[in-house]
Amino acid sequence: MIDCSIKGDLMLLTISTTHEPATDLGFLLHKNPGRVHATDMSFGTVHVVFSEANEERCTAAVVVEVDPVGLVRDRKGPKGNDFSLDQYVNDRPYAASSFLCVAINKLFGTALTGRSKERPELADTAIPISAHLPVVPCRGGEQILRRLFEPLGYTIEATTIPLDSTFPKWGDSRYLNVTLAGTCRLRDLLEHLFVLLPVLDDDKHYWVGPDEVDKLLRRGGEWLSVHPERELIAHRYLRHDRRLTTDALARLLADDPVDPDDVGAAHDEEEAIVEKPISLNDQRLAAVVGQLQASGARRIVDLGCGGGKLVERILRDTKAEKVLGVDVSYRALQGAARRLHLDTMAPRQRERVELIQGALTYRDRRLQGFDAATVIEVVEHLDPPRLGAFERALFAYARPGRVIVTTPNVEYNALFATLPEGSLRHRDHRFEWTRAQFEVWAADIAERHGYQVEISGIGPDDLERGAPTQMAVFQQ
Ligand code: SAH
């Protein structure tokens with residue numbers, strides 16, 4: 001136990017492990033357990049002290065000495081200039097807010113990146129670890145706390161802190177006393193805290209700009225894309241800035257680092273030019289709409305809806321009550337909203353349609369309960385290793401009554417006059433299948449998930465090479 005003589009100190013966070021030897025925590029945090037570490041921050045001095053350090057258990061505490069005047073003086077942003085009492089008397093330094101995140105970043109920067117000079121393997125190993133945060137501002141209470149941390153594998157203990165313990169009648173404050181326990185890498189715990197504490201608080205002491213999106217993706221990249229609350233997290237982390245949030249989600253959900261917006265924009269023109277001489281796009285739309293009409297589907301979801309041509313046709317030519325367009329690209333969705341004139345649509349029509357941002361390769365509750373899903377010229381944009389994730393998300397999880405998939409038939413490419421030999425119809429296509437390849441893929445899926453499948457061609461049917469587009473209709 002270390003005797004530390006910090007005056008009026010406030011405990012923000014303790015991190016403990018029972019991994020043996022527990023003192024390795026010092027190596028992971030790059031802090032010697034035998035010393036008190038002090039770092040100056042704009043809002044005061046932050047100390048790291050080890051309150052216990054033995055073989056069985058080791059606990060590091062982040063303690064802050066607050067300088068409320070410095071806090072206001074150094075405050076950045078437009079509000080920084082106007083004086084108000086609120087700036088001096090506020091909870092910021094005491095609570096586990098974004099100040100703590102700034103501190104975590106500064107104190108444990110190397111640990112956050114998963115590096116440890118002395119214990120590299122341990123930094124990569126999941127160890128029993130817990131974090132205690134005595135004062136966590138939490139908008140939405142314990143329920144939100146659980147929704148954010150439980151999917152990451154933590155067990156949670158939380159008690160609400162009364163507004164004033166001498167006046168219980170005043171009720172509870174918005175602060176929780178929280179302990180998180182789990183088995184993970186130290187780096188994971190730090191990343192989770194770094195991203196999720198400001199999300200719980202739903203406030204930040206600095207202004208968010210586009211670089212915050214980068215920060216969010218850097219710290220959350222691996223786990224955030226599969227977190228069921230990723231939208232809430234991005235929304236709150238980016239301070240409810242819609243533009244930044246959609247940008248973050250698009251980049252998070254896209255399966256590769258290419259900006260899906262750029263790809264989407266280029267797509268329409270390039271492929272359309274190749275296929276135009278046979279007006280394949282029209283024929284494809286007509287074939288798909290024909291299938292939907294025949295099926296009598298009332299609730300239809302168009303996955304990878306792009307600029308919304310099919311959504312427009314479905315609204316016009318079918319009796320669908322509900323048409324949901326989904327695309328990972330925000331720009332594509334904006335284009336679709338413009339094409340459909342969503343903002344000036346008659347209310348009854350408007351109720352029939354919705355456009356949302358989402359990815360085909362992640363389970364998404366919003367995609368459940370549909371009679372039919374269309375996936376038109378989209379699968380070939382997915383990296384082959386992600387096709388399994390697409391299959392599970394759609395055929396195992398969302399499970400629409402019918403699924404209509406179209407994709408190019410690569411055998412036909414030689415017949416397109418403008419297409420150089422051996423090239424695919426679009427730069428972003430990851431593959432184009434032969435008829436045999438498509439058939440095997442579709443038959444396997446149908447068998448695995450209890451669907452019947454029928455395959456047909458769309459466009460002029462060449463005796464040798466088949467039709468330019470192939471279509472599979474799956475039915476439960
Ligand atoms: N279905 C439309 C657009 C096809 S282009 C049409 O037939 O015209 C492919 C579309 O799929 C693009 O809009 C692209 O943004 C979208 N897309 C690519 N990968 C995706 C993914 N993983 N999740 C959702 N949409 C995706």
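Both counts, for ligands and for their atoms, begin at 1 and track the order of listing. Keep in mind the model is a prediction, meaning the values are calculated, not measured.
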Student: Go through ligand 1 atom by atom and flag the ones less than 4.0 Å from a non-hydrogen atom of Glu377.
Tutor: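 Contacts of ligand 1 toward Glu377, numbered from 1: 4 (C), 5 (S), 9 (C).
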Student: List, one per line, each side-chain donor-acceptor pair under 3.5 Å for residues 293-308, sequence neighbours excluded.
Tutor:
unit_1: Gln293; atom_1: NE2; unit_2: Asp317; atom_2: O; d: 2.7
unit_1: Ser295; atom_1: OG; unit_2: Leu292; atom_2: O; d: 2.8
unit_1: Ser295; atom_1: OG; unit_2: Ala297; atom_2: N; d: 3.2
unit_1: Arg298; atom_1: NH1; unit_2: Glu321; atom_2: OE2; d: 3.4
unit_1: Arg299; atom_1: NE; unit_2: Gly369; atom_2: O; d: 2.9
unit_1: Asp302; atom_1: OD1; unit_2: Thr374; atom_2: OG1; d: 2.7

Student: How does Leu382 reach ligand 1, by side chain, by backbone, by both or by neither, if only non-hydrogen atoms under 4.0 Å count?
Tutor: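 The side chain, only.
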Student: Please confirm whether Ile376 comes within less than 3.5 Å of ligand 1 when only nitrogen or oxygen atoms on both sides are compared.
Tutor: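 Min N/O separation from ligand 1 is below 3.5 Å for Ile376.
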Student: Which option, Thr361, Val311, Val378, owns the non-hydrogen atom nearest atom 11 (O) of ligand 1?
Tutor: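 It is Val378 whose heavy atom sits nearest to atom 11 (O) of ligand 1.
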Student: Would you please say whether a donor-acceptor pair under 3.5 Å links the side chains of Thr469 and Arg284?
Tutor: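 Short answer, yes.
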Student: Step through the shown structure and confirm whether more than 12 heavy atoms of other residues, nucleotides or ligands are within 6.0 Å of CD on Glu454.
Tutor: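 Not buried by this count: 12 neighbours or fewer within 6.0 Å.
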Student: Please confirm whether Arg386 makes a cation-pi placement over Tyr362, using NZ or CZ under 6.0 Å from the six-membered ring centre and within 45° of the ring normal.
Tutor: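 Flagged: Arg386 positioned over aromatic ring of Tyr362.
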Student: Which ligand 1 atoms does Gly358 reach within 4.0 Å, using its non-hydrogen atoms?
Tutor: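 Ligand 1 atoms under the 4.0 Å threshold to Gly358: 23 (N), 24 (C).
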Student: Indicate yes or no: does Glu212 engage Arg239 in a salt bridge with an N to O separation below 4.0 Å.
Tutor: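 Result for this pair is no, no salt bridge flagged.
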Student: Would you say Asp327 and ligand 1 have an N/O pair spaced under 3.5 Å apart?
Tutor: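 By distance alone, the answer is yes.
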Student: If you measure only the distance, is there a donor-acceptor pair under 3.5 Å linking the side chains of Gln349 and Arg352?
Tutor: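 There is such a pair between these side chains.
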Student: Show which atoms of ligand 1 fall inside a sub-4.0 Å distance from at least one heavy-atom site of Ser329.
Tutor: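 This gives 15 (O) as the contact atoms.
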Student: Any nitrogen or oxygen of Leu303, main chain or side chain, under 3.5 Å from a nitrogen or oxygen of ligand 1?
Tutor: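 No, since none of the N or O atoms of Leu303 sits under 3.5 Å from an N or O of ligand 1.
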Student: Kindly state each residue pair satisfying ring-ring contact (aromatic ring centres under 6.0 Å, His included) with at least one member in residues 135-158, sequence neighbours excluded.
Tutor: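 As it turns out, the ring-ring contact (aromatic ring centres under 6.0 Å, His included) pairs with a partner in residues 135-158, which skip direct neighbours, are Phe149-Tyr154, Tyr154-His192.
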Student: Would you check whether Ala359 has a nitrogen or oxygen atom less than 3.5 angstrom from a nitrogen or oxygen atom of ligand 1?
Tutor: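 The answer is no, given that Ala359 and ligand 1 share no N or O pair closer than 3.5 Å.
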